[in-house]
Structures are given as C-alpha cells and as structure tokens.
Amino acid sequence: MACFFRRRIAEKLGRTLQQSEDAFIPALSAVPVFKKQQQTADFKLSLNTLRVSGILPSSGDIQLQTEDLASRLKQDSVVEDVSAGSGVINFRVNRKLLVQKILEPFGKEEDDTFGLNSELFNTLKRGTTLVEYSSPNIAKKFHAGHLRSTIIGNFIANLKQSLGNNVIRMNYLGDWGMQFGLLGAGFGQFGCQEKLKQNPLQHLFEVYVQVNKEAEHNEDMRLAARDFFRQLEQHESQAVSLWQQFREITVEEYQHVYKRLGVHFDIYSGESFHQHQAQEVVQQLRSQGLLKTTEKGTGVVDVSPAGDMSNICTVLRSDSTTLYITRDIAAAIDRREKFNFDEMIYVTDKSQANHFHQLFQILLALGHTWADRCQHVPFGLVQGMKTRIGEVVFLEDVLDEARARMLHNMNQSKTTKEMDNPEDTAEKVGISALIIQDFKGPLQSDYKFDWDRMLQAQGDTGVFLQYTHARLCSLARRNKGIEVVEFNPSLLLEQASLSIVQHLLRYDEVLYQSAQDLQPKHLVNFLLKLCHLVASAHRELPVKGSPQDVAQARLQLFNGACSVLANGMRILGITPVHKM
C-alpha cells in the first residue's frame, strides 16, 4: 500500500538529513495521474514544507536546496529513480513492487479496509463525533430544501465512522414553536382523524394552509392558537397527546424517505426536548451577568469582540419565552453531558453561519471550553430544482422523478442488461446521480440543478460511477471459473495498468484531505478519475482470450479498482448496483 512506499522514502530522507523519518511523512504525496501522459514519478517531496517545518533552512535558494538534496538520495531496491523538479523531489518506485504492494491485499478479506489503516490518519483526532443533520420540521411533508443537509451530513458521518470514530447520527427535528399552536387549533376545526391515517402529512399540510388563511383575518383563531401552544408548554394532556401524534406520524413518514436515500439516524431529537433546559440557560446567563435587557424588554447577550453591543444575540422574548437559539444552547450542553462527544458537527445552509457563530460564542462565554470543538459545515443553495409538473417543493417528488427519468434512459439504452428489478436499479442510480451532482463542487457554492446533465451515462456523473461498478462486477462474474494461479505483478506493467495502480496510491491522501475539510468533492473527483482509467484499461487489457496467468493478473487489477470504487461510493452515501 502507499504507506509502505511513503515510509521507505521517509527512512531514506531521515538517514540523509539526520531527522526522524516521521517528520517527512506529511511532506510526501502521491503524484496525480494525468490522462495520456507517461507517468514517471510516483511520489513527490515538497521542499517548501521542509523549510516551513524547520528541517531545512528557510533562507537561501530553494532550487539549489532541491537539487542538492536530490543528489544525496541514492537509488535502492524500492526507489528506482530520484530527480529534482521545481521545488520538489520526485521519486519513482520499483514497478513490480508497486503493483504487488497495491494489488496483493485484494481478495484476502482486506478489500473493505484498503487505505483505511494508513499512518496519515494517526494525526487525526479520534473519539466520539456527534453529527446533527437533516433536521426537517415535523407535521410537514419532507421539503426538498432538506436534501443537501441530509446527504452531506450522511457523508460526514460515514467518513468519520470509516476512519474509526464512534459516530452519533442525530436528527434534530423542528418540533416546537408557535406554528404548533396554529396547527393544534386548526386541527380541532379543520382536521379529520380518518384523513390523517390515509395520507398524514398531506392532510396536516392542508390543515396548516387552511388555518394560516383563517388566522390572517380571524382574531379568535389567533387566540386559539396561542391558547393551544400555552397548553402544550404547560403539558396539558390533550394538547400533548395530539402533538405527540403529529410527531410520531411525521417521523414514521420521514423514515420512508430516509430509507430510499440509504440514510439512518441513531437519535431523533428535537427542540421540544430542551424547552425547560432553555429556561435554565437563561438563569445561568443572568447569574453570570451575561444577560442584558433591552428597552423593548427582550433578553440579549453581547457577543461582539469589543463588548460594545455591536453584535447582540436575542435569547429571550419580552414575554419571557425562549427562542430557537436558547434551545440550541440548552441542546448543546445536554448533548455534551449525555454523550461526552469529542466533536460536534452541525450541517445546515450557509444563511445560518451567524447563528452558529453566536451559539459557539455564548457557550464559550458560559465557560464551556468544549465549544471550540463544535463546528458548523455550511452549504449553498440549489437553484432551479423542478420536476415535469413544475417547481419542486417535496423531496419525494424529486426522488420519484429521478427514478422515472433513469428508468426511461435505461429502457432507451441498447446496453442495458436484463434485470430482476429495473425500478430498484433506476432508483439507486437516480439517487447516485443526485448525490454526485451535489458533491462535485465546494459545498458552500450554490449550484444549478440540471436533470439532463446529471443523468448522462457518459461524463462525470453518478450514472457513470454506477455503470463502471456494474461493469466491473459483471467482468468478475463472467470469469469466476478461471483457475487460481499465483498472482504475478510483472504481468501488469503496461501503462494502462500502472495508471490505475498509481491512482490507487492516492486513496488514503484523498480520505485524509476529506477528513480535514469535510468536503466530499475530493473523493468524488478521485472516484470519477478511477472510472475513466478503468474504462481505458478495459479497452486495452482484455481478460477473455488472454493466457490464464495474464487473465488472472488483469482480474486482480479490475477487482481492486471495483473494491475501492464500492468503498468510496458507500462513504459518499451511494449504494453500489451490481448489474446495469
């Protein structure tokens, strides 16, 4: 694996410069593979990194340092060639050994752990990670706007788990607030238990629209809504029972959508869990002198760096009821006490950046130093998400449309294989296409939703990923009967084979980069590049009709690529299909 070569090069550098070999590991990286280019180097050493870390003097000509150090590094049985580039030293390793070390683990029950035991991850903080994501509002159909939070949060949770963290996946539902006063009062007037059983969220949505219209011109309805919410806050059994019914049927309905997306949660929490603790937070802020009262009677906390009230956060209404952020403060404190997390990650759109900045500042002001280990991962907006029937509101409509369009494309394609359940395949491939379109760029960027581009079989799409994986699975199935002989790496020295092997060298670095900034684009781009390299190799390196030892060596190459592709897809939250 990459670690073997990285370590051997680091040992050579350590001996030459009289330093610990561990100091060189972060400065070494696998060289990216470029299409249609004869690859010469496998690893490169950045001289600038050595200067910054104090291993080399930071003054003087960097190019002279590069050439001097390169001339002092000798070839051996592992490193075949050392050469100076522009501020970097290039290392080319023994070709046969490269193929052997990268491909040998596959087929020996190590497929699922390839790249995951890398020493690069030793510097990452392990422990318990709590990820809060998705977080829709109850008593409403699942809005399409929650798709990004759901799939990004799922990716982060999968990544952290694959790297050895204990991950708690939390869905923090919007299940409290004045809107439930409106819904409760409205259900009393416009609701029907029978309709609630037949189509729960659609019926609640209709009631909510009706009651909002009514409340606009009917003071009695507004009073009834306030009264219902007061009953909720005072735990009057009839109001609480109806609210619980709304909550339970919502979670049940949402779980159908989550199942389609391949997403699960360990905990369904919500604002309602923290309403009493929020009042305790207000008391703590008051006792520590952090709570100020404005002329309007609201309770605020000064979070400005200069303490000049230029940036204030309202935590209490004038009628002494708490706000969303007050409940968020209470929720964070409660989670720390319950789960003793080492880090907590919130996944929401970028418009909430100030909310989380204020949340973390208030937690620190209250003396909770662990707030430094809380992080907000923001994302941009999706523009122009439409189905054939118009502007999208509900996520299920998007999933249904993705499946229908993909099924149509599969039926039109001459290469589509016979399959037992084409609808299920179309569903999985359609969802892959949604995820890859979302993950290709920086998360904070807005992007334009494009059905046609997203569902293309050729090009950098989720469809192409699934097609490549299915093709590799088919190749393995068709050649199951090949008699096993000893794997001979010297039969895989063509450039098409070496390009795949050299690309696989980067897998642990890509996961490390993803763990650093929590951006899925690194892994997406790595997997798409792997698919392009596989497509070239598939054309140039036939298995069928080749001598037995050559056929088996090539199968080992393709099986290794298939395994890494499947593992990477699962981290992204994509279920690989085996036939297309």
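These numbers come from a predicted model, not from an experiment.
- Remark: His274 pairs with no residue by the ring pair (Phe, Tyr, Trp, His ring centres under 6.0 Å) rule, at least two apart or across chains.
- Contact annotation: the side chain of Phe464 never approaches that of Ile436 to less than 4.5 Å [non-hydrogen atoms, C-beta and beyond].
- Shortest non-hydrogen contact noted between Ile102 and Phe114 is O-CE1, 3.7 Å.
- Across all their heavy atoms, Ser499 and Val33 have their closest contact at O-CG2, 3.6 Å.
- In this structure, CD1 on Ile312 lies 9.0 Å from CD on Gln358, to the nearest 0.5 angstrom.
- Side-chain contact between Phe91 and Arg8 is absent, with no heavy atoms from C-beta onward closer than 4.5 Å.
- A donor-acceptor pair is defined here as one N or O able to donate and one able to accept, closer than 3.5 Å; such a pair exists between the side chain of Gln556 and the backbone of Leu103.
- A salt bridge between Lys125 and Glu343 is absent, with no side-chain N of the basic residue lying under 4.0 Å from a carboxylate O of the acidic one.
- Here the closest heavy-atom approach between residue Asn154 and residue Gly573 is recorded as ND2-CA, 3.8 Å.
- Between Tyr258 and Phe142, the ring centre distance stays below 6.0 Å.
- His538 and Arg471 are linked by a side-chain donor-acceptor pair at a separation below 3.5 angstrom, with hydrogens and angles left out of the test.
- Panel note: side chain Ser432, backbone Lys428; a donor-acceptor pair is recorded below 3.5 Å.
- Counting heavy atoms from C-beta outward, Trp370 and Phe341 have side chains that approach closer than 4.5 Å.
- Residues Leu455 and Gly430 approach most closely at CD2-CA, 4.5 Å, considering heavy atoms.
- In this structure a side-chain-to-backbone donor-acceptor pair under 3.5 Å is present from Asn158 to Ile571.
- A distance-only check finds no donor-acceptor pair linking the side chain of His376 to the backbone of His357 [under 3.5 Å].
- Rounding to the nearest 0.5 Å places CG of Asp372 at 5.0 Å from CG of Leu364.
- Residues His264 and Lys259 form no side-chain contact, since every pair of their non-hydrogen atoms from C-beta on lies 4.5 Å or further apart.
- Of the possible donor and acceptor atoms, one in the side chain of Gln466 sits under 3.5 Å from a partner among the backbone N and O of Val577.
- Annotation: the span from Ser514 atom OG to Glu509 atom CD amounts to 11.5 Å, rounded to 0.5 Å.
- Within the cation-pi definition used here (under 6.0 Å to the ring centroid, within 45° of the axis), Lys141 does not qualify as a partner of Phe205.
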Could you go through Asp328 and His355, starting from their C-alpha distance and side-chain angles, then the distance that decides it, and tell me whether this counts as side chain to side chain donor-acceptor pair (under 3.5 Å)?
CA-CA 10 Å; Asp328 254 3; His355 169 88; 2.7 Å; yes
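- Proximity of a side-chain donor or acceptor of Thr326 to a complementary backbone N or O of Val315 within less than 3.5 Å is detected.
- Without hydrogens or angle criteria, Trp243 side chain to Trp176 main chain gives no donor-acceptor distance under 3.5 Å.
- Considering every non-hydrogen atom in both Val564 and Leu527, the closest pair reads O-CD2, 4.1 Å.
- Looking at His146, its side chain does come within 3.5 Å of a backbone N or O of Ser134 through a donor-acceptor pair.
- Partner of Phe5 under the side-chain contact (heavy atoms from CB on, under 4.5 Å) criterion, out of Asp42, Leu28, Leu98: Leu98 alone.
- With contacts defined as side-chain heavy-atom distances shorter than 4.5 Å, the pair Met454/Arg405 does not qualify.
- A donor-acceptor contact shorter than 3.5 Å links the side chain of Asp266 to the backbone of Arg169.
- For the pair Arg570 and Pro576, the minimum side-chain heavy-atom distance is below 4.5 Å.
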Check against side chain to side chain donor-acceptor pair (under 3.5 Å), Ser351 and Asp349
CA-CA 6 Å; Ser351 70; Asp349 72 85; 2.3 Å; yes
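- Between Gln279 and Thr322 the shortest side-chain heavy-atom distance falls below 4.5 Å.
- Residue Ile151 comes nearest to Phe439 through the heavy atom pair O-CZ, 3.4 Å, listed as atom of the first residue, atom of the second, then distance.
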Going through the distances and angles, do Leu366 and Gln284 end up as a side-chain contact (heavy atoms from CB on, under 4.5 Å)?
CA-CA 8 Å; Leu366 282 167; Gln284 288 167 23; 4.1 Å; yes
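- Residues satisfying the salt bridge (Lys or Arg N to Asp or Glu O under 4.0 Å) test with Arg403, not counting sequence neighbours, are Asp400, Glu427.
- Distance check, rounded to the nearest 0.5 Å: OG1 of Thr128 to CZ of Arg336 gives 10.0 Å.
- Rounding to the nearest 0.5 Å gives a distance of 13.0 Å between CD of Glu253 and CD1 of Ile138.
- Taking the six-membered ring wherever Trp is involved, the centroid distance between the rings of Tyr133 and Phe265 falls below 6.0 Å.
- Here the side chain of His503 pairs a donor or acceptor atom with the backbone of Phe526 at under 3.5 angstrom.
- In summary, Asp508 and Arg6 engage in a salt bridge, as defined by a charged side-chain N under 4.0 Å from a carboxylate O.
- Side-chain contact check for Leu173 versus Ser272: every heavy-atom pair is 4.5 Å or farther apart.
- Atoms CG and CG, on Leu518 and Leu159 in that order, are 7.0 Å from each other to the nearest 0.5 Å.
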Residues Val382, Leu147; criterion side-chain contact (heavy atoms from CB on, under 4.5 Å); working and verdict:
CA-CA 10 Å; Val382 183; Leu147 173 66; over 6 Å; no
